[in-house]
Amino acid sequence: MKKIVILLLIASAFSCKNAQSVISKDNSDPTKYVKLISEKDLKKMLYVVASDEMQGRETGSAGQKKAGLYMIEQYKKNGVSFPKGASDYYQHIPASYLNAKRNQNLPDSENIWAYIEGSEKPDEVLVISAHYDHVGIKDGEVYNGADDDGSGTVAVIEMAKAFAKAKKQGHGPKRSILFLHVTGEEHGLHGSRFYSENPLFPIANTISDINIDMIGRRDVEHANTNNYVYVIGADRLSSDLHNAVVAQNEKYIKMDLDFKFNDPADPNHFYERSDHYNFAKHGIPAIFFFNGVHEDYHGKGDEPQKIEYDALTKRTKLAFVLAWDLANRENRPVVDKPIK
């Protein structure tokens with residue numbers, strides 16, 4: 001009898017120790033990891049992604065595929081794998097899909113994805129997206145698209161690096177994060193539409209999309225400062241998402257959040273013009289970070305030397321602290337407004 005009691009005590013102690021080992025660490029403060037967002041690294045990557053070598057990253061082109069290989073190298077270097085359930089870093093999209101709405105003779109292309117699995121709610125997925133295509137070569141001139149959307153592309157990679165480091169140190173996100181680089185945005189949001197119609201993870205399990213499209217410059221409305229970012233879409237479906245970005249900005253970043261283009265009556269209709277929209281159409285709360293249109297928008301002057309790297313870094317940090325909050329909060333953002 002005495003031996004049985006001792007064995008039960010040992011088993012109980014082991015069980016308690018094992019239970020403690022799976023309890024996640026406190027992830028309430030992202031300060032340590034937001035500091036890993038590096039201006040130097042963002043600049044280094046952008047000078048590659050937006051170089052002449054990538055030939056303007058036209059959808060499905062050899063240059064876009066070369067840029068994709070470079071991006072995958074960064075994920076591998078940072079220890080971030082492709083998603084569970086996928087065989088590699090690519091979601092292949094056939095030319096027939098890309099040309100179905102209006103035939104522009106686009107070749108096959110691919111979205112690129114990377115993934116960090118959540119520690120407590122792995123089936124719930126936060127998507128962080130940016131398009132990595134641009135408009136290619138026109139009249140012999142390479143249109144490098146440093147801001148559009150090289151800036152968002154490198155921001156997503158840099159955020160993944162910080163989340164990977166956090167996970168390595170025992171502070172991985174409680175929910176899973178899909179880092180999604182979509183193709184075909186410049187031809188009609190094709191890559192994000194393809195993912196939303198062919199999701200690797202159920203749309204119902206997707207808690208939100210943070211979309212980053214042009215965050216490296218300033219527009220004429222902010223000629224005297226780059227300490228701002230346009231926030232579009234956060235409150236269209238979810239008051240939680242809007243409140244989250246406001247709170248995280250106020251607590252950690254203190255940037256001017258400009259909601260001008262979030263007005264449904266705004267004639268630019270930017271809400272419908274970037275990749276977050278294909279998530280919002282399916283009822284997924286989505287937010288779009290944007291610096292506004294400048295003189296080099298879709299022009300050959302959109303070069304990496306014109307990027308304001310301090311602004312790019314600060315806006316990337318804002319996206320990171322919002323992602324940290326969404327991935328670690330107790331409840332996913334509530335959808336409390338009608339889908340439009």
Side-chain angles (χ1 to χ4, degrees), residues 83 91 93 97-98 100-102 111 113 118 121 123-131 149 152 156 175-214 229-249 257-290 292 318-319 322-323 325-340:
Q91 182 184 34
I93 307 177
Y97 183 92
L98 295 169
K101 286 201 168 185
R102 56 180 188 271
N111 294 331
W113 50 24
K121 300 179 179 182
D123 292 336
E124 293 188 9
V125 181
L126 168 66
V127 176
I128 304 175
S129 61
H131 73 91
D149 185 28
V156 173
R175 293 178 175 85
S176 298
I177 303 177
L178 179 68
F179 304 93
L180 183 64
H181 300 270
V182 292
T183 188
E185 191 270 355
E186 300 288 7
H187 292 279
L189 313 184
H190 294 324
S192 56
R193 181 166 50 88
F194 185 85
Y195 179 84
S196 71
E197 294 172 358
N198 303 273
L200 184 61
F201 305 103
I203 284 292
N205 292 1
T206 304
I207 68 157
S208 189
D209 172 51
I210 298 173
N211 186 49
I212 308 171
D213 190 354
M214 298 176 59
V229 68
Y230 288 108
V231 177
I232 303 172
D235 67 347
R236 295 292 185 99
L237 296 176
S238 174
S239 55
D240 276 353
L241 182 56
H242 172 82
N243 293 337
V245 69
V246 171
Q248 295 305 305
N249 177 64
L257 303 184
D258 193 327
F259 296 97
K260 173 184 176 180
F261 295 134
N262 192 48
D263 183 353
D266 182 77
N268 295 286
H269 294 289
F270 287 122
Y271 178 67
E272 293 87 4
R273 289 172 55 183
S274 192
D275 294 295
H276 60 283
Y277 186 61
N278 281 318
F279 290 91
K281 285 195 305 185
H282 291 273
I284 305 304
I287 184 170
F288 169 24
F289 290 120
F290 178 51
L318 175 60
L322 175 61
D325 175 70
L326 296 177
N328 289 297
R329 59 170 45 207
E330 183 177 352
N331 298 310
R332 59 189 287 173
V334 64
V335 177
D336 54 5
K337 298 185 180 182
I339 302 170
K340 295 180 181 179

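Every heavy atom of this structure was used, including side-chain atoms; hydrogens, water molecules and symmetry mates were not. Computed from a predicted model, the values in this text were never measured in an experiment.
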Which atom pair, heavy atoms only, marks the closest approach of [X] to [Y]?
{"X": "Asp213", "Y": "Asp149", "result": "CA-OD1, 3.3 Å"}
{"X": "Ala327", "Y": "Ile177", "result": "CB-CD1, 4.2 Å"}
{"X": "Asp275", "Y": "His131", "result": "OD2-CB, 3.4 Å"}

Got a sec, which pairs hit salt bridge (charged side-chain N to carboxylate O under 4.0 Å, His left out) with one end in residues 175-189, sequence neighbours left out?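 Salt bridge (charged side-chain N to carboxylate O under 4.0 Å, His left out) check on residues 175-189 returns Glu124-Arg175.
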Partners of [X] by side chain to side chain donor-acceptor pair (under 3.5 Å), sequence neighbours excluded?
{"X": "Arg273", "value": "none"}
{"X": "Thr206", "value": "none"}
{"X": "Ser129", "value": "Asp209, Asn211"}

Is it the case that the ring center of Phe290 lies less than 6.0 angstrom away from the ring center of His276?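 No; Phe290 has its ring centre 6.0 Å or more from that of His276.
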Under 6.0 Å between the ring centres of Phe270 and Phe288?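 No, the ring centres sit 6.0 Å or more apart.
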Applying salt bridge (charged side-chain N to carboxylate O under 4.0 Å, His left out) to Asp240 and not counting sequence neighbours gives none
Which residues pass the side chain to side chain contact (heavy atoms under 4.5 Å, CB included) test with Lys281, sequence neighbours left out?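 Result, side chain to side chain contact (heavy atoms under 4.5 Å, CB included) vs Lys281: Tyr277, Asn278.
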Of the options Ile210, Asp325, Leu322, which is the one that meets Val245 in a side-chain contact (heavy atoms from CB on, under 4.5 Å)?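 Output: one option passes, namely Leu322.
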